[in-house]
Structures are given as structure tokens and as C-alpha cells.
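Since the structure comes first, as C-alpha cells, the remarks are kept for the end.
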Amino acid sequence: MAVFTSCITSSLQPYVPTTESPWNEIRVRHAFRRIGYDASKSMVNNALTISPDVFIDQLINESLNAPNWPTPAWAEYTNDDYDNLGLDFDEQTEANHGELMFGLINQMQTVGLKSRLIMFWSNHFVTRLENYYASNHLYEYFNTLETHALGNFEDFVRAIGKTTAMLIFLNGAENTSFSPNENYARELYELFTLGVDNGYTQQDIVETSKALTGYNHWQNWTYPLYFDSSTFSDTNKTIFNQTGNWDYDDVIDILFQQKAPLVAQHICKKLYTYFVSATVNEDVVTEMANQFVLDFNIENILRTLFKSQHFFDQKTIGTQIKSPYDMSISYLKVTGFTLQQEFYEGMIWFNGLIGQLMFDPVDVAGWQGDRDWINSSTLGGRWEILQWFIWHTWDSNNEELRTFAIESSDNSNDPYVITKAIIDRFMPLELFSVEDYQAATDVFKHDLPENYYENQIWNLQWTSVPYQVVLLLIHVIKFPEFQLK
Amino acid sequence: MCDNQSNKEKKFGTSAHDMEHKKWNRRSFLQALGLSGAGTMMLGGMPLSASSSTKLAAAISDSESDRILVIVRLKGGNDGLNTIVPIYDYDTYATNRPTIKHNLNDLTALTPDFGIPNAMTDLLNLWDSGAMKVVHGVGYENHSQSHFAGSDIWASIDPTNNSTSGWLGRHFEELYPEYLLNPPVIPAAVQIGSIGNLIFDGESNNYAFSVANPEQLEAIAESGTVHDMTSFPDCIYGEQLEFMRGTTNTTYQYAGTIHDAYSNGVNSFEYMDSELGKQLSIVARLIKGNLGTKIYMVTLGGFDTHANQLEEHSTLLTDLSNSIKTFFDDLTQGGFDDKVLAMSISEFGRRTFENGSNGTDHGKAAPLMLFGPAIEGNGFVGTHPDLTADDGEGNLNYTQDFREVYASILENWLCIESGLVDEALLNTTYARVDLGFNCSALGVEDFNRDRFKHYVLYTETDSVLKITNPYTQHTVVKLYDIMGREIGTLKNAMLFAGEHSISVKNTISTKLNVGQYIYRISVGNQNYSKSLIIR
């Protein structure tokens with residue numbers, strides 16, 4: 001992309017509503033969609049009764065206070081445990097994966113920020129489920145994410161590198177004093193903390209990998225990895241000009257002692273890209289980094305960011321392309337439609353088809369997101385999935401379609417008003433091409449003779465209404481704006 | 001050292017559940033299939049193979065292969081009696097509707113027995129030159145008087161209103177067996193308005209490129225894109241909107257083709273700036289621009305004249321008449337006029353007597369009009385319903401089953417083989433009516449009625465693909481996800497003549513998640529593809 005100054009120029013100073021920048025539905029929905037996974041109408045209405053400051057605090061505190069996912073029975077099961085229980089390892093493993101992912105999907109609808117951060121951090125501290133596979137490793141990794149998501153970043157880095165999932169994925173498990181493997185050392189700096197070629201040399205990587213040795217021991221691949229000094233490189237290493245017989249914890253200590261500002265900048269840029277826009281405002285990122293470097297507290301920096309003028313700037317709204325999970329969960333939150341059990345579980349499969357398989361990012365750099373999610377093929381896939389949902393509601397709960405129309409339009413009987421109200425609930429901003437509302441209204445009017453509308457004979461109680469809403473939804477989900485938040 | 005297994009072939013999510021049987025509404029079930037409606041996306045990553053024509057397509061001889069059908073839907077239930085006025089029984093007519101009758105001297109006689117009101121005099125040229133016919137009393141047994149059921153039945157031809165496909169949708173399904181994976185390069189049909197109407201729905205696809213109104217089609221035809229690419233808001237939102245519009249546009253595969261035809265075609269006459277005028281002017285350009293699409297449907301709404309009928313009906317009939325006249329004048333300039341047949345349809349007629357609001361209520365049988373020089377001679381087809389022998393409530397009894405009209409158009413205008421016509425009409429042979437046109441003797445082979453057939457049978461626990469081979473042949477069946485990626489092979493063997501069953505769930509080695517898939521059958525040099533569901 002060409003280098004240019006971001007056109008969003010407001011600062012990190014707190015947002016205070018004004019007549020030019022009112023605290024309105026558009027801003028509230030924007031916040032819900034960036035911070036969590038969207039909101040119901042009542043959640044939006046409630047938010048409007050409090051100040052943005054209080055609102056953001058509520059959202060963050062809700063996630064801070066949310067308990068971790070209840071430890072499953074299988075949290076530490078190895079293949080021997082399954083054998084002893086007379087259970088099939090593969091069958092149970094798959095079921096466990098599903099259970100955990102399903103739990104996260106549930107959480108997306110109730111504690112949006114925490115689940116979003118789990119997704120974000122799993123895309124930062126990347127591991128790939130298909131590499132380590134065992135569900136106890138998945139749980140350990142997942143538990144580390146949820147525990148540290150809003151906590152101290154240094155603690156996070158320290159903890160994640162010792163998870164078996166990470167040790168397998170980045171070959172820490174194979175990094176021994178006899179045969180070093182630089183993969184983790186490199187990615188620790190290049191991806192997880194500093195950024196490409198930003199403050200480290202190849203020599204630093206070589207030396208660091210020696211310090212990380214020793215975590216090479218397990219009974220078999222379904223067991224957790226543990227440290228044993230027999231494979232530890234017991235010698236001096238020089239990392240960032242610091243020399244000593246460093247071990248894993250020393251590496252983390254030295255990194256944050258020597259390179260804190262660079263780490264802060266790198267992480268804040270990632271946070272900005274993820275929560276604000278792929279087009280980065282370097283000044284704002286620097287301002288964030290200046291705060292983040294002081295305590296490396298994720299909760300604090302997010303509180304500052306989410307309360308800022310920059311975050312709530314009119315020009316920030318609608319600038320991101322929804323991820324597959326954004327799209328799916330947002331649709332369900334806005335409509336409030338009930339989805340039967342196997343459809344929720346099918347969602348894991350659907351979102352995987354269009355590019356986002358949970359805990360399996362495309363590569364170690366994670367999903368780049370934004371425009372990368374979209375091509376003709378995945379866009380068509382998105383339409384198919386949404387139509388699938390729509391027809392499911394028609395088939396199983398079609399009165400919900402009527403309820404949705406009534407709720408959206410305050411039970412209006414003007415088809416244009418209803419159509420516009422429904423469209424505006426989904427889109428980040430009012431449609432740029434106003435004639436799109438009229439075309440959508442024509443779709444919504446379906447086969448009823450025009451005079452039923454002109455003479456106000458028709459209303460939302462008619463038996464035709466659920467099907468009319470279906471036709472409108474099928475039309476609306478294909479709007480380009482539908483994929484933006 | 002450790003053993004680091006990678007389990008790429010593992011699928012996550014649930015295993016198949018033996019849920020208690022869900023009653024799927026058949027309409028939704030089938031309409032959920034099919035990729036985003038016709039004219040939208042192509043499956044990603046699927047290589048385009050050369051589409052070999054079906055025998056059917058090949059059999060349509062060149063001289064008739066460029067025939068076009070334009071369906072003019074009069075939405076709301078057109079009052080036939082005030083359209084084609086039965087002068088031969090004027091007294092009964094007038095007594096029934098003292099206020100809203102047409103006066104005799106406001107009528108122009110087409111024959112001594114029937115006349116048209118002043119609003120329709122623009123059609124006289126067509127009538128006089130032998131390019132207009134009227135079929136009397138078109139309807140069906142137990143004619144529905146509901147807009148919805150009525151419209152559905154006219155589209156599906158199923159009077160019990162259970163079918164979820166339309167007569168033309170079924171025709172296209174036969175014509176394009178590979179539609180999902182290898183659609184034709186031009187839209188099979190173009191539809192303006194009537195969104196949600198069944199007429200172009202097949203069992204698992206909709207075959208029309210549809211737009212809600214003529215303005216939309218005009219914008220698409222002029223720009224070649226569905227979404228405008230010339231104007232955007234500023235800053236990042238504008239950039240993202242531009243990106244999304246651009247990608248969205250490329251998933252609509254027919255916009256460019258329509259644009260090319262529209263640019264080539266020119267209107268040689270000015271149309272009324274009216275609902276039908278706008279639609280037919282665009283259709284004329286597409287035809288004259290050689291789009292190649294053979295079926296169009298346009299919609300004129302407002303015929304549900306429960307009140308103030310005279311004025312409203314007059315406006316509509318003026319629009320109808322002038323637009324049809326201009327349409328054929330326009331087509332004549334390109335030499336297309338004798339290749340186009342226009343047909344009016346309406347979900348029902350209206351009562352013989354007026355109501356208390358100077359209007360009429362829903363009725364039953366009504367006339368159906370045909371336009372185009374190819375009908376070779378004006379006239380009335382069939383018998384007008386007896387005004388004095390209605391059903392007791394003012395509804396005219398039908399004298400011509402509408403399905404016979406459809407059958408005649410399929411066989412004698414579109415030149416579809418007789419057996420296939422019957423299939424498209426839900427496996428019933430309807431009598432053919434002489435409407436004035438036919439297909440020259442093709443000398444075609446008698447189509448083997450024992451043709452290749454395929455469908456999916458859904459049981460409580462499985463989705464079973466049923467195949468009927470007319471003779472022993474090598475059969476390959478593959479399964480794809482909705483992104484067009486191959487999942488596996490369901491069959492690759494020599495299959496004997498006769499019926500075969502393939503359990504999809506049991507045949508594929510990977511566990512299939514609930515959802516929609518596509519299967520593709522290759523036999524001989526023909527491919528067939530359709531959706532199926534795993535639930």
C-alpha cells in the first residue's frame with residue numbers, strides 16, 4: 001500500500017460526545033462490533049443511556065470479571081487415560097475440540113471482548129491445532145490465552161512459550177543442546193515481540209535458541225512437554241549484549257529489560273491494526289506505545305484506546321472487513337434468531353470453509369485479516385452461509401422473522417421505513433447510495449399488490465411477512481457494506 | 001525423541017447426530033440449495049470444462065433457436081371483462097357493473113363479439129396486422145383467489161400449491177444439467193420485479209438474473225457492474241467500500257454480458273416513461289443487442305382494482321398497450337419482431353359484478369393475450385365463459401386450462417420435445433392448443449425416454465444419491481464443498497443399466513458436517529451437478 005498519512009487524525013484523548021460527534025446508535029454499534037461480537041437491540045438501547053466512558057468500562061470489566069471456561073474433565077488426559085477409560089482417542093479428541101470451540105462461540109455472544117481477545121491472541125501467539133492435535137495441549141494453550149488476555153504482556157510471553165502446543169508448533173520440543181532449532185527464538189522476536197529485523201540480529205537468535213533448550217521431554221506426544229537439564233545448553237550465551245548462562249526465564253527478562261520500547265511499539269501496532277484499522281496511524285500507535293511500555297498492561301492500553309476520540313472518530317467507522325466469525329456471530333446477535341444446536345457446531349465448519357478455522361491460522365504469522373478474507377470465492381461462500389442461516393430460521397422459527405421486523409421498525413406499516421430500519425441495523429453507516437434502499441424495499445414488497453401498501457391495508461401481522469423478511473435478508477446480506485464494520 | 005504427528009485429515013466439529021426427525025419445510029429445504037441464485041457466483045477454483053450440449057439443446061434447430069418468450073405479468077389479478085369486453089352479451093355485462101362498465105361507444109370492436117376500451121387502442125395495429133390473439137377463459141379447476149397461492153400456482157402449475165419449482169425452472173433444469181459447476185455464458189432468463197416468484201425456480205436453483213426494478217437493471221446494463229464504481233465517500237471507509245463493491249461485482253458473472261448486449265442494442269422508438277415502458281425498453285435493447293437469453297419476465301403491478309377501477313385500470317391498460325406496441329415496433333427495426341412472443345399472465349380474473357367501491361373483487365378465469373407477428377393471424381382462441389352461468393358468486397368458469405397454454409408454448413414456440421414438455425409440467429400430458437405458431441418438422445430422433453436421471457433421497461439419517469443409468473456405462477461421481485473444493489469420490493465404476501443408490505455419508509471416508517455440498521456426475525461426455533444437503 002502507498003505510504004501516506006492516515007486520514008483519521010484525532011488523538012488518543014478521551015472521546016466526549018458533541019453535536020458533531022454524538023453518542024448515537026452508529027457509534028454504539030461500532031463499539032460493540034470492534035470490542036465484542038455485536039449486540040442486540042436492547043444492549044444498544046441500554047448503552048445509549050450511559051456515557052461512552054462508563055460504557056467502555058462496563059464492557060472491559062465484564063470481561064475482566066468473567067470466569068475462565070470451566071476446566072473440562074479431559075483437560076489433562078493423555079492417550080493412556082483414554083485407554084484406561086475404554087474410550088477411543090480420536091473420537092474423544094474431536095469431540096473435545098468441538099466442545100471447546102463451541103464454548104468459545106457461546107462466549108462470543110455473551111462476553112464479547114474476552115472471546116475476541118482469545119481469538120486475537122491465538123492469531124498472535126500462533127500455534128496450529130493440526131500440528132499438535134491432542135486436546136489436552138489445546139486446553140493448556142487456550143487456558144493460557146484466556147488467563148492472560150487482559151493481563152500483563154510480559155507474563156503472557158513467558159507463559160505461552162512453555163505450553164506444549166507452542167513447543168511443538170515452533171519446534172521448541174526439538175531444540176536441544178545437541179541439535180539446536182532456531183524456529184522459536186526467531187518467531188519469538190520476529191512475530192511475537194519485536195517485529196521483523198527490529199532490534200535483534202541473527203546472532204541473537206542463535207544464542208537465544210541455546211537458552212531455550214531443555215523442554216524436550218515427554219512420555220509420548222499426547223503428554224505435556226517438560227524441562228530436563230540433560231538437554232539444556234549449559235553454557236554462556238550473549239543476547240542483546242548481555243552475557244550469562246541464560247535459561248528460558250532469563251531470555252524473557254532480558255528481552256523486556258533491553259527492548260521494552262520496541263516491544264511496546266510492535267504490540268500496539270498490532271492492537272491498532274486489529275481494533276482500529278489496517279491503515280495505521282503511526283502517531284497514535286506511538287502514543288499508545290508510550291503508555292504501554294510503562295506497565296505492559298493489556299487492559300489499561302485497551303481502556304485508553306477504546307475510550308479515545310480516535311476510536312470513536314466518524315472516519316473510523318466501517319473501515320474494517322469482518323472476519324468470518326465477525327460475520328456469523330454479528331448476524332445472530334443483531335437478528336436474535338435461534339440457531340439449532342448442530343448449526344452452531346456447523347458454524348465451526350462453515351467459518352473454516354471461508355478461511356477461519358479456529359486455532360488453525362493459515363501460517364505462523366497468523367491471518368492477516370481485513371482484505372485477505374475476501375475474494376470472489378470466499379465472498380460467495382459467505383453469501384451461501386448466511387442464506388443457509390436465513391432458510392433455517394424460515395424453516396424452524398419463522399415467527400422470529402416477523403419479530404425482527406417489528407422490533408427493528410417499531411411495528412411500522414410503511415415498507416420503506418421497515419426496510420431501511422432493518423438495513424441500518426446491519427450496516428456500519430447509512431448506505432452511501434440511497435437508491436439501494438428503494439430497490440431493497442421493492443424486494444421486501446414481494447408479490448403483494450401495490451395498493452395494499454398505498455392504502456395501508458398491509459401491516460407486519462400479515463401471514464406473508466416472514467417470507468417477505470426472508471427475501472429482504474437474502475438481498476441485504478449481499479450488500480458490500482454488510483461485510484464491513 | 002517424540003513423535004510429532006500431524007493430523008491434517010482430521011475434521012473438527014461434530015460427528016453426525018442421529019437427531020430426532022426434523023420436519024423440513026420442503027420449500028425452504030430446496031430453496032436453500034443452489035448457489036446464491038443464478039447470475040451470481042461461480043464456484044471458486046472449479047476449472048471450467050467445455051460444456052457439451054444436451055441432446056435437448058442440440059435438437060433445437062437453428063431456425064427456431066433464436067425464439068424468445070416475454071412474459072408480461074399483470075400483478076394483482078387483471079379484470080378480464082373490462083379488458084376484452086364481451087359485446088355479444090353486453091346487456092348482462094352492463095347490468096352486472098352499471099358504474100364501471102365501458103360504454104359501447106367507448107369500445108373498439110375487434111370482432112362483432114368482442115371489443116377493447118379506448119385505453120387499449122394502441123394495440124389495434126398489432127391486431128390488424130395479425131400479431132395479437134386472445135385466449136378466452138384461461139384458468140383451472142378450483143381456481144385460487146389468493147394473490148400468493150394464485151401466483152404460486154401459475155408459476156408452479158401445481159393446483160395443490162405444494163410444488164416449489166416453476167414450469168420454466170424445471171425446463172431450465174433439464175436444459176442445464178451442469179448448471180452449478182458450469183453455468184451457461186448468458187443468463188437463462190432475465191426477470192424484472194416479481195422477486196420471490198417461483199417461475200424460474202428449479203428443484204435446487206433459480207435460473208433467472210433478477211432485479212427488483214427496471215432502474216436497477218438499467219444501472220447494471222449501463223455500467224456492466226451491479227454496484228457503482230465511480231463514486232465513494234472519503235477516507236478509509238470509502239476505500240474499503242470500493243474494494244467490497246469491486247469484489248461483489250466480480251461475483252455477479254452476468255453483469256458484463258448484459259452490459260455488452262445493452263450497449264449493442266438501441267431503442268428505435270421512444271417508450272412511455274411508465275412502469276412497463278421502462279422495462280420493455282430495456283428488454284428490447286437486450287434482444288436487439290443479441291444477448292441470447294430466450295426468456296424474459298416483466299411485471300406490471302396495480303391490477304388489484306378493488307376500488308376506483310375505471311381510472312386505475314385505464315392507466316394500466318394504456319401502459320400495457322402502448323408499451324407492447326412500441327416494443328414490437330422497436331423489435332421490427334432489428335428484424336427481431338417475428339422471433340418474439342409476448343404473453344400476458346395474471347393470477348386470476350375478477351368478478352362479473354362490481355362491488356360497492358366502484359371496483360371489483362377477486363375472480364377466477366380471465367383472458368390471456370399473446371402478441372407478436374409470429375402468431376400469424378389475429379383472433380380469439382376458445383370459448384368465452386358464459387356470463388350467465390358463473391359459479392353463483394360472480395366468478396367465471398374457466399374454459400381453457402392454463403397448463404395447456406404453457407404446454408403449447410413450450411412445444412410449439414420454444415420447440416421443446418414433447419416428452420420433456422410433459423416432464424416440465426409435472427409429468428402430465430396436457431393437450432396442445434393451436435395458438436398459431438409451431439416448430440417446423442425437426443425430423444428429430446425420438447428422445448430416449450429412459451434417460452439418465454439423478455436425484456437425492458433424504459432419509460432420517462442419510463442423504464442417498466439415486467442414479468438411473470439408461471444403459472451400462474462408466475459413472476464417476478464426486479463430492480464438493482460449497483467453495484468448489486473436491487472432498488472425495490462417491491463412485492468411479494462401471495454401473496449397469498437401472499437404478500443405483502449411493503449413501504453419501506457412508507461412502508465418503510471423512511466425516512461430513514451438517515451443511516450444503518455439491519455432487520457432480522460424469523457419464524459419457526455429459527456432466528450433471530446439483531446440490532445436496534447433509535443433516
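Please read these numbers as outputs of a predicted model, since none were measured by experiment. First the proteins, then the strands, lettered A, B, ... as listed; each starts at 1.
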Quiz item: Can you name the salt bridge (Lys or Arg N to Asp or Glu O under 4.0 Å) partners of Arg73(B), sequence neighbours left out?
Solution: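 Per chain and number, Arg73(B) pairs via salt bridge (Lys or Arg N to Asp or Glu O under 4.0 Å) with Asp447(A).
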Quiz item: So, Arg485(B) side chain and Leu353(A) main chain: donor-acceptor pair closer than 3.5 Å or not?
Solution: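 At least one qualifying donor-acceptor pair exists.
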Self-check item: Test item: His446(A) side-chain N/O and Gly196(B) main-chain N/O as donor-acceptor pair under 3.5 Å
Solution: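 Looks like no, no N/O pair under 3.5 Å.
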Close side-chain approach of [X] to [Y], heavy-atom, < 4.5 Å:
X: Met244(B); Y: Ile374(A); answer: yes
X: Glu435(A); Y: Glu215(B); answer: no
X: Cys7(A); Y: Ile236(B); answer: yes
X: Glu481(A); Y: Arg245(B); answer: yes
X: Phe350(A); Y: Asn513(B); answer: no
X: Leu484(A); Y: Phe243(B); answer: no
X: Gln320(A); Y: Tyr237(B); answer: no
X: Phe148(B); Y: Ser464(A); answer: yes

Could you give the distance from [atom1] ([X]) to [atom2] ([Y]), rounded to the nearest 0.5 Å?
X: Trp349(A); Y: Leu512(B); atom1: CH2; atom2: CG; answer: 7.5 Å
X: Ile195(B); Y: Leu471(A); atom1: CD1; atom2: CG; answer: 8.0 Å
X: Thr319(A); Y: Leu241(B); atom1: OG1; atom2: CG; answer: 12.0 Å
X: Leu300(B); Y: Glu450(A); atom1: CG; atom2: CD; answer: 11.5 Å
X: Asp313(A); Y: Cys235(B); atom1: CG; atom2: SG; answer: 7.5 Å

Self-check item: Ring centers of Tyr452(A), His147(B) separated by less than 6.0 Å
Solution: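 Yes; His147(B) has its ring centre under 6.0 Å from that of Tyr452(A).
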Practice problem: Over all heavy atoms of both residues, which pair between Glu239(B) and Arg371(A) is shortest? Give the atoms and the distance, please. | Solution: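 The answer is O-NH2, 3.3 Å.
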Practice problem: Compare every heavy atom of Ala439(A) with every heavy atom of Ala212(B), then report the nearest pair and how far apart it is. | Solution: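 What the structure gives for the nearest pair is CB-O, 3.5 Å.
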Quiz prompt | Derivation and outcome, side chain to side chain contact (heavy atoms under 4.5 Å, CB included), residues Phe482(A) and Thr248(B) | solution = CA-CA 11 Å; Phe482(A) 189 88; Thr248(B) 306; over 6 Å; no
Self-check item: With sequence neighbours excluded, residues passing side-chain hydrogen bond (donor to acceptor under 3.5 Å, both in side chains) with His306(B)
Solution: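 Result, side-chain hydrogen bond (donor to acceptor under 3.5 Å, both in side chains) vs His306(B): Asp304(B), Asp361(B), His362(B).
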Residue part contacting chain B, namely of [X], when any heavy atom lies under 4.5 Å:
X: Thr93(A); value: neither
X: Ser433(A); value: both
X: His475(A); value: side chain

Self-check item: Contact leader toward chain B among Ile317(A), Val470(A), Thr463(A), Leu429(A), where contacts are heavy-atom pairs under 4.5 Å
Solution: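 It is Leu429(A).
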Self-check item: Most chain A-contacting option - heavy-atom pairs closer than 4.5 Å, from Ser231(B), Gly77(B), Gly302(B)
Solution: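 Sorted descending by pairs with chain A, the first entry is Ser231(B).
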Quiz item: Highest number of heavy-atom pairs under 4.5 Å with chain A: which of Gly515(B), Pro233(B), Gly238(B)?
Solution: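 Most pairs with chain A among the choices: Pro233(B).
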Exercise. Kindly check if the number of other-residue, nucleotide or ligand heavy atoms within 6.0 Å of CD (Glu311(B)) is above 12?
Key: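 It does not: Glu311(B) CD has 12 such atoms or fewer within range.
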Exercise. Could you check Asp370(A) against Gln240(B) for side chain to side chain donor-acceptor pair (under 3.5 Å), going step by step and ending with a plain yes or no?
Key: CA-CA 9 Å; Asp370(A) 203 66; Gln240(B) 296 288 59; 3.1 Å; yes
Quiz item: Checking heavy atoms, do the side chain of Thr299(B), its backbone, both or neither come under 4.5 Å from chain A?
Solution: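 Neither part.
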